[in-house]
Amino acid sequence: MKQRIKLFVNGEAYDIYTETNRTLLDVLREDLELTGTKRGCDSGECGACTVLLNGKPVNSCLILAPEADGQNIVTVEGVSRPNLPLHPVQEAFIEKWAIQCGFCTPGMIISAKALLDRNIEPSEEEIKQALAGNLCRCTGYVKIIEAVKAAAEKVRDGRS
Amino acid sequence: MFNGGAPLPDMGSLPQFEYVEPSTLQHALYILNRYGDSACILAGGTDLLVQMRDGKKAPKYIVNIKKIPQLEGIRFEKEGVVIGALTTVNTIHESKLVKEMFPALHQAAGVLASYQVRNRATIGGNLCNASPAADLAPPLLIYEAKLKIVGADGENEVPIECFFLGPGKTVIERGMVLKEIYIPKPKENTYSIHLKFGERRAMECAIVNVAASMTIEDSLCKDVKIALGSVAPTPIRAKTAEAEVCGKKVDEEVIERAAEAAAKDSRPISDIRASAEYRREMVKVFVKRALRSLLVESNMKDAG
């Protein structure tokens, strides 16, 4: 069964004609070629496919494409735009060496950005809770947590 | 090729189905009644999509009920709170009303799976999926929640204690929808807590879930409810344990006896996460911790 859906991804509108048994992740990667969003476990365990749906982080592998019809989505490609400065979270990940193989990074960036969108002064515990659904199999968590702390500082400095 | 050219393992793509999106409850009931067992309700999807990929479910029709407006939200009503079945776990966790009135529910909602999953998973889905480990079930058991179920013949209110029939099984039959959950406001001087025991911080299926509430005045227990998850075919109340505490002056000896009784109330199995023996031990540990914590909380309030 096929269905026409409309998606707003990173500020752009897309009309997509898709099988209903595909996920939002399938559509993002295969139809829109936004391959920054990664397919890890395909079952909501690893968080590599995390995107913002109407501003909230969700696992795009657990959302049917037709469920996303008419919704606003931000992928890692939309966190900053070409020719614009990086998002403070992205800057901090680079500065703090919070990337090893890089596979978990897009999901981590989205979860961290969502955390700072709702709380610009997260405690270490709050950072851990917010990133608990994002697995890093290089186990580089220490650097990632440092990066989110640094990013929070950047966001706070930017606002004051 | 990194695996010697052999085909990659199947990631488990989703089977084919017809997707339906009713915008009214009546329409949803009609569809569910008509298609019966070949239809499956889609709420948050965080369990259903995984079950479909694993080949455990292959519904011909997927009925997304999220477009039905009156199934979502939290409101104060009749000396209690009504939570729509489609309210997400994060909405519940972040609700001030829930935090103040039902701390155990607030706590359980904060430890279910991960933040991403909690943005999609719904209270109704958590209950209807009927996992013995459903995180929201023990708190709703201690608060004696009532579930409003709608069918073609009208509405029916079921106490949560009668809702679960076995793993994956509830009293909901063909053509019925869980509409909302009513939780009566706890009595004065009632304290409650939820403790989840697992090995990981996130995405954890509990080894033991314990929720307890105690109405306590000058250390005298006027009422107590203890509920256990992951240690029986369904989430259960530990009634012999409750009887050990109710009407008594709560001290370490009473708590010890209640914990022993709770372990006997449980009927755990051994599985990949823990053995039955270990689970029974952990029931003791966590019932003790829960009751001690409630006692401390009540003493602090008396002192303060």
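In the text below, chain A, chain B and the rest are named by the order of the sequence lines, each starting its count at 1. Given the structure is predicted, the values throughout are model-derived calculations rather than measurements.
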Heavy-atom count check: over 12 atoms from other residues, nucleotides or ligands less than 6.0 Å from [X] [atom1]?
{"X": "B/R174", "atom1": "CZ", "value": "yes"}
{"X": "B/D37", "atom1": "CG", "value": "no"}
{"X": "B/K66", "atom1": "NZ", "value": "yes"}
{"X": "A/K2", "atom1": "NZ", "value": "yes"}
{"X": "A/K154", "atom1": "NZ", "value": "yes"}

Q) Does any heavy atom of chain B fall under 4.5 Å from the side chain of A/T50, the backbone, both, or neither of them? A)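 For A/T50, side-chain heavy atoms alone lie under 4.5 Å from chain B.
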Q. Looking at A/M1 and B/Q16, what are the two nearest heavy atoms and their distance?
A.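 Minimum heavy-atom separation between A/M1 and B/Q16: N-OE1, 3.5 Å.
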Going by heavy atoms in the side chains, are [X] and [Y] under 4.5 Å from each other?
{"X": "A/N134", "Y": "B/Q116", "value": "yes"}
{"X": "A/K56", "Y": "B/R120", "value": "no"}
{"X": "A/S111", "Y": "B/Y115", "value": "no"}
{"X": "A/P57", "Y": "B/N119", "value": "yes"}

Q) Think A/R22 forms a cation-pi with B/Y19, using NZ or CZ under 6.0 Å from the six-ring centre and within 45 degrees of its axis? A)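 No cation-pi geometry.
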Q: Under 4.5 Å, heavy atom to heavy atom: which of residues 61-81 of chain A reach chain B? Give them by number, or say none.
A: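 From residues 61-81 of chain A, the residues near chain B are A/C61, A/L62, A/I63, A/L64, A/P66, A/E67.
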Q: Find the distance between CD (A/Q129) and OG (B/S114) and round it off to the nearest 0.5 Å.
A: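 It comes to 10.5 Å.
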Q: Could you look at B/L42 and say if it's the side chain, the backbone, both or neither that has a heavy atom under 4.5 Å from chain A?
A: side chain
Q.
Donor-acceptor pair, distance only, cut-off 3.5 Å: does the side chain of A/N21 make one with the backbone of B/L14?
A. yes
Q) Which of residues 88-108 of chain B get closer than 4.5 angstrom to chain A, counting heavy atoms alone? A)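 Result: none.
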